[in-house]
Amino acid sequence: MNTASDDRLMYVLRHGGEDERRSAFDELFGRYRGLTYNFAKLMLRDASHAEEVLQEAFLAVVRAAQRPVGNGGYDPRGEFRAWLMRIVRNACTNVQRTRGKESRTFLQDAAFDEVADGAPSPARRAETAERVEQARGAVEALRERQREAVVLYAYNALSYKEIAIAMGVPVNTVKTLIHRGRAAVARALEEDV
Amino acid sequence: MTSEGHGHPHGAVEALLHALVTDEPPAMAAARVRACALRELEQSEPREVMTLPEVAEFLRISESELADVMGDLPAFEIGGRIRVRRTALVEWIKTRERRYRRHVMAGQAAAASGSPVRWEWRVLDGRG
């Protein structure tokens, strides 16, 4: 397992030889493709749009690695995840703008997932699957900022500070958004029982 | 609360929320994104003309340290901005390498004959 920090990988992506740059990219992509994809899918409620965001975000990572700091380049301050999520938020906005807000229903998304993923993930089995989908519906019904905060909170690996940096709001605002969003999801789940 | 993560309680709601974010992107899509990003990486040739912050980063010194050697730098001015050609910069580095080598050899010769030459290192460093 590669234990290099995200900042170190970004440095290698900028200054390393061809093979080193490739493996640095693969490591970063492996670490954050799930975060990026799931965040985008929940924000845009659309799996194919989420794939576009994934592409846009990681192209932006590569480009930021090529530029010097202060000129659009990545500033290695130990906040890669928060920085990446800002990029992902922007990519979501761009994709939403260019593709338009299509109102695909949740069932269509689920069908798409089955085809695209091949097999349902373990979390989606039987009863649990139903509850997860209820939670998805509840999260998707949240207002945008609450949804963002709750989805980032769902990762557990992200700190409140990182979420605050990613969203460009104070930490206390993040806590409030998460608290209210989480409560709304819990209420919705109880009502569905 | 830990520095890694916010350490939220592992309640039923949290477990369900976490289940929402455990999907992997479809393998085909992931492969396409990877190929696209690697192509971008390969195409990103180093720029032929560099700005001063880029030169400082290339030399791995600060911009204020770069200012100390500006007079010597193979730079040119265009529209009030200073630029440096990468190839000229590399040639300039080669000249400095040769100069450094001569000084080191002179230093070694002097050391062998017992005369102190440590000041020369400080001059070379540009910070003496």
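Below, read A as the first sequence line, B as the second, and so on, with proteins coming before strands; counting in each chain starts at 1.
Chain B forms more heavy-atom pairs under 4.5 Å with one residue of A:Val61, A:Thr36, A:Asp26, A:Val185 than with any other, namely A:Asp26. Options B:Ala29, B:Cys36, B:Ala56 differ in how many heavy-atom pairs under 4.5 Å they form with chain A, and the most are formed by B:Cys36.
The six-membered or imidazole ring of A:Tyr155 lies away from that of A:Phe39, with a centre-to-centre distance of 6.0 Å or more. A:Phe58 and A:Tyr32 have their aromatic ring centers separated by at least 6.0 angstrom.
Applying the salt bridge (charged side-chain N to carboxylate O under 4.0 Å, His left out) definition to pairs two or more places apart or across chains, those involving residues 2-11 of chain A are A:Asp6-A:Arg31.
At a 4.5 Å heavy-atom cutoff, the contact between A:Leu42 and chain B is made by side-chain atoms alone. Of the atoms belonging to A:Val151, heavy atoms from both backbone and side chain fall under 4.5 Å from chain B. For chain B, no part of A:Leu35 is nearby; none of its heavy atoms comes within less than 4.5 Å. Interface remark: B:Leu20 contributes backbone and side-chain atoms alike to the contact with chain A (heavy atom separation under 4.5 Å).
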Side chains of residues 69-83 of chain B: which donor-acceptor partners sit under 3.5 Å, not counting sequence neighbours?
unit_1  : atom_1 : unit_2  : atom_2 : d
B:Asp72 : OD2    : B:Arg96 : NH1    : 3.4
B:Glu77 : OE2    : B:Gly79 : N      : 3.4
B:Glu77 : OE2    : B:Gly80 : N      : 2.7

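Both tests pass for A:Arg33 against the ring of A:Phe29: distance under 6.0 Å to the centre and angle within 45° of the axis.
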